[in-house]
K.L.:
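A single structure is presented below for examination.
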Amino acid sequence: MEKRAFRKQQLQRLSQLSDSARQQQNLALQRQLFAHSAWQAAQVVAITLSGDIEVATQPLIERAWAEGKTVVIPKTLPHRQMAFYPYTSTTKLARTSFGLLEPVDGQPIAKSAIDLILVPGLGYSRDRHARIGFGGGYYDRYLADYAGTKLTLAYNEMAFEHAEWPVDDYDILLDELLVAGDGQNDKN
Ligand SMILES: Nc1nc2c(c(=O)[nH]1)N(C=O)[C@@H](CNc1ccc(C(=O)N[C@@H](CCC(=O)O)C(=O)O)cc1)CN2
Ligand SMILES: Nc1ncnc2c1ncn2[C@@H]1O[C@H](COP(=O)(O)OP(=O)(O)OP(=O)(O)O)[C@@H](O)[C@H]1O
């Protein structure tokens, strides 16, 4: 299937998840992430402000703050570029035309200062950790010269044994994929 068609199918599929399935999977993913050495070791973590169909990130942000980590969030820029800005309880946010919240001002942080990036997406392959996102190519561009850890949290409905979409040369493969239900203590 082409990327566009697969993306559309995933948007549809994820929008149909029940609140309880979402909640259960989010809790499972939080347990897996907080037990992960990459999370525990990270001082600066890049996290998105999730939209409705995405894996919930607010609990991750609050846990990071509680653990004294610095949280940085993305701001999209012209020419499909992206930068990460520090996020605190006083950060001013605005909604983009795409419907996502972004920081209004501040100073971008250097890529080399980010220890861990939690990469958003709509689908992932278990075999190579390939990823398909909303189609902007923002993360592929940003991650092309990123040296830290790239990790993703996925609902069951986002995880595929092999990529069922074309994986291009510019697609950046993730270091690790945590799937809800795969964790030792997950109850689902
Ligand atoms: N919560 C969250 N924040 C995020 C991302 C994300 O996936 N999740 N992003 C992850 O990248 C970036 C925003 N990604 C975007 C991706 C696509 C479009 C967009 O305008 N898409 C077009 C179609 C794309 C095309 O074919 O050109 C559209 O729908 O009109 C906007 C933002 C940064 N912030
Ligand atoms: N490193 C890169 N340099 C130039 N163009 C790129 C690069 N990475 C991706 N692109 C372009 O970005 C566009 C979107 O790529 P793709 O469909 O893989 O997005 P995606 O990974 O699903 O989206 P996102 O990263 O925003 O979640 C494509 O047209 C692709 O050519």
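All ligand and atom numbering here is 1-based and tracks the order in the structure. Reckoned from all heavy atoms, side chains included, excluding hydrogens, waters and symmetry mates.
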K.L.:
Specify the closest pair of heavy atoms between A130 and L173, including all atoms of both residues, with the distance to one decimal.
P.N.:
CA-CD2, 3.7 Å
K.L.:
Do me a favour and list the nearest non-hydrogen protein atom to atom 21 (O) of ligand 2 with residue, atom name and distance?
P.N.:
D140 OD2, 2.9 Å
K.L.:
Could you see which bit of Y139 sits under 4.0 Å from ligand 2, with heavy atoms only: side chain, backbone, both or neither?
P.N.:
both
K.L.:
Please find the pair of heavy atoms, one from V104 and one from L93, that lie closest to each other, and give the distance.
P.N.:
CG2-C, 3.7 Å
K.L.:
So, 4.0 Å and heavy atoms of G133: is ligand 1 close enough to count as a contact?
P.N.:
no
K.L.:
Return the closest protein heavy atom for atom 27 (O) of ligand 1 as residue, atom name and distance.
P.N.:
R80 NH2, 3.1 Å
K.L.:
Between D168 and ligand 2, which part of the residue brings a heavy atom under 4.0 Å of the ligand: side chain, backbone, both or neither?
P.N.:
neither
K.L.:
Pick one of side chain, backbone, both or neither for how K3 approaches ligand 2, counting any non-hydrogen atom pair under 4.0 Å.
P.N.:
side chain
K.L.:
What atoms in ligand 1 come closer than 4.0 Å to a heavy atom of T48?
P.N.:
1 (N), 2 (C), 3 (N)
K.L.:
What class does the angle between the rings of W165 and F160 fall in, given that below 30° is parallel, 30 to 60° is tilted and above 60° is perpendicular?
P.N.:
perpendicular
K.L.:
Restricting to non-hydrogen atoms, name the atom on Y155 and the atom on V55 that form the minimum distance, rounded to 0.1 Å.
P.N.:
OH-CA, 3.5 Å
K.L.:
Looking only at protein heavy atoms, which one is nearest to atom 27 (O) of ligand 2, and how far off is it?
P.N.:
R131 NH2, 2.6 Å
K.L.:
Quick one: which ligand 1 atoms are inside 4.0 Å of a heavy atom on Y139?
P.N.:
9 (N), 10 (C), 11 (O)
K.L.:
Between K69 and V44, is there a side-chain heavy-atom distance shorter than 4.5 Å?
P.N.:
no
K.L.:
Please state whether G135 comes within less than 4.0 angstrom of ligand 2, counting heavy atoms only.
P.N.:
yes
K.L.:
In the complex you have, is atom 31 (C) of ligand 1 within reach of the protein, judged by whether a heavy-atom distance drops under 4.0 Å?
P.N.:
yes
K.L.:
Starting from atom 22 (O) of ligand 2, locate the nearest protein heavy atom and write down its residue, its atom name and how far away it is, to 0.1 Å.
P.N.:
G133 N, 2.7 Å
K.L.:
Which of the atoms in ligand 1, numbered in the order shown and given with their element, are less than 4.0 Å from a heavy-atom of Y138?
P.N.:
11 (O), 13 (C), 14 (N), 15 (C), 16 (C), 32 (C)
K.L.:
For atom 7 (O) of ligand 1, what is the closest protein heavy atom, and at what distance to 0.1 Å?
P.N.:
F134 CD1, 3.2 Å
K.L.:
What's the shortest distance from atom 2 (C) of ligand 1 to any protein heavy atom, and which residue and atom give it?
P.N.:
E54 OE1, 3.5 Å
K.L.:
Regarding K111 and the six-membered ring of Y142, is the cationic atom NZ or CZ under 6.0 Å from the ring centre and inside 45° of its axis?
P.N.:
yes
K.L.:
Between ligand 1 and G136, is the shortest N or O to N or O distance under 3.5 Å?
P.N.:
no
K.L.:
Of all the atoms in ligand 2, which lie at a distance below 4.0 Å from a heavy atom belonging to D171?
P.N.:
18 (O)
K.L.:
With respect to atom 25 (C) of ligand 1, which of G137, G135, G99 exhibits the smallest heavy-atom separation?
P.N.:
G135
K.L.:
I need the nearest protein heavy-atom contact for atom 2 (C) of ligand 2: residue, atom name and distance, please.
P.N.:
R141 CG, 3.6 Å
K.L.:
Would you say M82 and V119 are hydrophobically clustered, going by side-chain heavy atoms of ILVMFWY under 4.5 Å?
P.N.:
yes
K.L.:
Would you tell me which option among F98, F84, Y142 has the nearest heavy-atom contact to atom 28 (C) of ligand 1?
P.N.:
F98
K.L.:
Out of D52, T76, T57, indicate the one that has the non-hydrogen atom closest to atom 13 (C) of ligand 1.
P.N.:
T76
K.L.:
Closer than 3.5 angstrom, by distance alone: can the side chain of R80 be matched with the main-chain N or O of G137 as a donor-acceptor pair?
P.N.:
no
K.L.:
R7 near ligand 2, heavy-atom distance under 4.0 Å?
P.N.:
yes
K.L.:
With a 4.0 Å cut-off on N to O distance, would you call K75 and D105 a salt bridge?
P.N.:
no
K.L.:
Donor-acceptor pair, distance only, cut-off 3.5 Å: does the side chain of S50 make one with the backbone of T57?
P.N.:
yes
K.L.:
For F134 and L122, what are the C-alpha separation, side-chain angles and deciding distance, and is it a side-chain contact (heavy atoms from CB on, under 4.5 Å)?
P.N.:
CA-CA 7 Å; F134 282 106; L122 303 173; 3.9 Å; yes
K.L.:
Determine, considering heavy atoms only, which of Y170, F6, F134, Y138 sits nearest to atom 31 (O) of ligand 2.
P.N.:
Y170
K.L.:
Is there at least one pair of N or O atoms, one from I132 and one from ligand 2, spaced under 3.5 Å apart?
P.N.:
no
K.L.:
Identify, for atom 26 (O) of ligand 2, the protein heavy atom at the shortest distance, and state residue, atom and that distance.
P.N.:
G137 N, 2.8 Å
K.L.:
Looking at D182 and R126, is there a salt bridge between them, counting it only when a charged N and a carboxylate O are closer than 4.0 Å?
P.N.:
yes
K.L.:
Taking a hydrophobic cluster as the set of Ile, Leu, Val, Met, Phe, Trp and Tyr residues connected by side-chain heavy atoms closer than 4.5 Å, whether directly or through intermediates, do I132 and L177 fall within one such cluster?
P.N.:
no
K.L.:
Are L101 and Y85 grouped together when hydrophobic residues (ILVMFWY) are joined by side-chain heavy atoms under 4.5 angstrom apart?
P.N.:
no
K.L.:
Considering only non-hydrogen protein atoms, determine which one is nearest to atom 34 (N) of ligand 1 and report residue, atom name and distance to 0.1 Å.
P.N.:
P74 CG, 3.7 Å
K.L.:
What protein heavy atom sits nearest atom 5 (C) of ligand 1, and how far off is it?
P.N.:
L100 CD1, 4.0 Å
K.L.:
Donor-acceptor check, side chain of R131 to backbone of P120, threshold 3.5 angstrom: yes or no?
P.N.:
yes
K.L.:
Check for a donor-acceptor pair, side chain of Q58 on one end and backbone N or O of L49 on the other, with a separation under 3.5 Å.
P.N.:
no
